Amino acid sequence: MKAIIIEDEEPARDLLRKFIEPFSDIEVIGEYIDGFEGAKAINQLKPDIVFLDIQLPRLTGIEVLELLDHTPMIVFTTAYDEFAIKAFEKNAVDYLMKPFSKERFAQAIERVKSRLNAKQPQENGLQQLTENFTAGSHLSRIVVRTPKAMVVIPVEDILYLEAQDDYIMIHTTESRHLKKQTMKYFEERLNTEQFVRIHRSYIVNVSHISKLEPYSKDAYIAVLKNGAKLNVSSTGYKSLKDILSF
Amino acid sequence: MQNPILSKKLGIVVFILWWTIAAFAQFSTLYVFYDLAFYLSAVDSIVFNLSFALFSIGIWYWVRYTDFEKQKVLNITLNHIVAATLCILLWVTTSSFILKNIFPDDINYNDFLITSLPWRIAIGTFYYILSGLIYYLIIYVQNFREQTMRDSEVKTLVRDAELNWLKHQINPHFLFNSLNSISSLTMSNPEKAQEMVIRLSDLLRYSLKQSSQSLVTISDEVSNCIKYLDIEKVRFGKRLNYTISAPDDVMSFQVPAMILQPLFENAIKHGIATISEPGELNAIFEMNQNSLKIIIKNTISSETQTAKGMGVGLVNIARRLSLLYGMNDLIQTKSNENLYTVEVTIPKLHR
């Protein structure tokens, strides 16, 4: 089995390597100290098992999950994170609380092995994990995987989100990116003082609206600073009115 | 500040009622004991009392700006004697003038106006003193109420601070990660593990020893922070490079205990820990005339920099400082491309 360690603290990496050593069937093929490099490595090297820290430079362990096109077995390691632990427990994902014992580590490995043998992919569990982990907090950035690269979009740079079937087109000041997600997901996780659902298909960043033009009896058009024009439904108009208080 | 009597409905009612009673008493006296005609007694008492009622509204402003806490009693007394003399003279002359013009042909009444001057002045003095006393009483009650409210607010804040104190002392994320490092070092480098255990113990002992009210020297705080940073150095290795520049003259400066470590924790959490390359953390202490300036600069990530202003950690320190010093602008932050700067000003304590 090929394994990757994504952990930003050297002593913690040393420890994992030492604990893995006795398992002759596990080979560590890479160690990474930030989430970005880690995610790239997972997609390229396609390991069977990943030891993933939550608090990492550049991207959190949870954001790493969103960027994967290959889903290995993931064992999370974390020191203390109430959110993460709640999310782990809900989704029966295996996690190690630092500091952990050799025995506890071995147990986690056994569990991974039996899942691999039973061909029980973690995928659904992980998607669920992301949703639970981010619920109730405001996103400060969105990560997107493109065929060429991985992109981190600070929410301030977002002009608007547009629903396109099972995907969301994220329009930013510089470009646009497609992400597989639902409108509801973003509606619940973006700061409602900045982002407003103005239409079935649009969530707009209010700080980028330049004006509202009447369109028909109940509908309006929001004109953004870059010139983009978005339909505003009557409920969307009401929400805008509440936020911008005009 | 508005007249407190006229700013409340009840005040206005009492005010009108009082002057009506005063006018009625004067009317009865004039009508019964001085045998003045009914209409003369009535107009006389209405003019005199109505005019004083108006004057008494003005007395408030005089009372308001002669504050017992700020001025000497002698000054205030002199002020009031001058004000009372002016007020009463003005009151008697204007009232008499008005009445003279209402009844220009009644010689008896005009005589009465002159002979009654002494007791009118006596009544005026009494009214002036009464109004003044009532106003001082109102101010006293208002101040008392404000003070009690402020006291209870401070008490609640202090209690909250105490409750949060222990919780904030030990950052669990730091503690468990350090323990994990120790766990790792026990196998690879037992001696270093031992060193780290001792440092961690010192750190915990230091924070347990202090309460949120205790004062320590910068020297104590700095040596505690060096222990903290050395532990973090084991965790972060080359990624953490710190310098502390504290001249000798700041070392004995008194500061609230545990004010420094959270600043470093903040710099690590939002700076060093978010970048994978080596980062800098520099602390500079400067002694000014009446305060100590602490400047903490740390590298931040330029690509994932999304946090603006102060995080929870800094807000907590700012709250604690404003509680202790009664000033709200003791923490300033600024950030550019990849450097975050926190400036803390700690005033000298006069105890």
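Being a predicted model, the structure only gives us computed values, none of them experimental. Lettering of chains follows the sequences in order, A, B, ..., and the numbering in each one begins at 1.
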note = By residue number, those in residues 230-243 of chain B with heavy atoms under 4.5 Å from heavy atoms of chain A are B:Val234, B:Arg235, B:Phe236, B:Arg239
Exceeds 12 heavy-atom contacts within 6.0 angstrom, atom NZ of B:Lys8 = no
key: Where A:Pro57 and B:Ser276 come nearest, the two heavy atoms and their spacing   = CB-N, 3.8 Å
message = Atom CZ of residue position B:Arg145 - does it have more than 12 heavy atoms of other residues, nucleotides or ligands inside 6.0 Å?
response = no
task = Count the heavy atoms of every other residue, nucleotide or ligand shown that sit under 6.0 Å from CZ of A:Arg176, and state whether that count exceeds 12.
result = no
inquiry  = Are the side chains of B:Ser301 and A:Arg58 in contact, using a 4.5 Å heavy-atom criterion?
reply    = no
task = Identify which part of A:Gln55 has an atom lying under 4.5 Å from any heavy atom of chain B, answering side chain, backbone, both or neither.
result = side chain
ask   = Got a sec: does the CE of B:Met327 have more than 12 other heavy atoms crowding it under 6.0 Å?
value = yes
key: Flag if over 12 foreign heavy atoms under 6.0 Å of NZ, B:Lys192   = no
key: Interface moiety of A:Leu56 toward chain B, non-hydrogen atoms closer than 4.5 Å   = backbone
ask   = CD1 of B:Ile275 to CG of A:Asp34: how many Å apart, nearest 0.5 Å?
value = 11.0 Å
query = Are more than 12 heavy atoms from other residues, nucleotides or ligands located less than 6.0 Å from atom NZ of A:Lys102?
reply = no
note = Honestly, the part of A:Lys98 sitting under 4.5 Å from a heavy atom of chain B is both
key: Closest approach of B:Ser184 to A:Leu15 (non-hydrogen atoms, all atoms of both residues)   = CA-CD1, 3.5 Å
Give every donor-acceptor pair under 3.5 Å between a side-chain atom in residues 172-182 of chain B and any protein atom, sequence neighbours left out.
| residue | atom | partner | partner atom | Å |
| --- | --- | --- | --- | --- |
| B:His173 | ND1 | B:Asn177 | ND2 | 3.4 |
| B:Asn177 | ND2 | B:His173 | O | 3.1 |
| B:Ser178 | OG | B:Phe174 | O | 2.7 |
| B:Ser181 | OG | B:Asn177 | O | 3.2 |

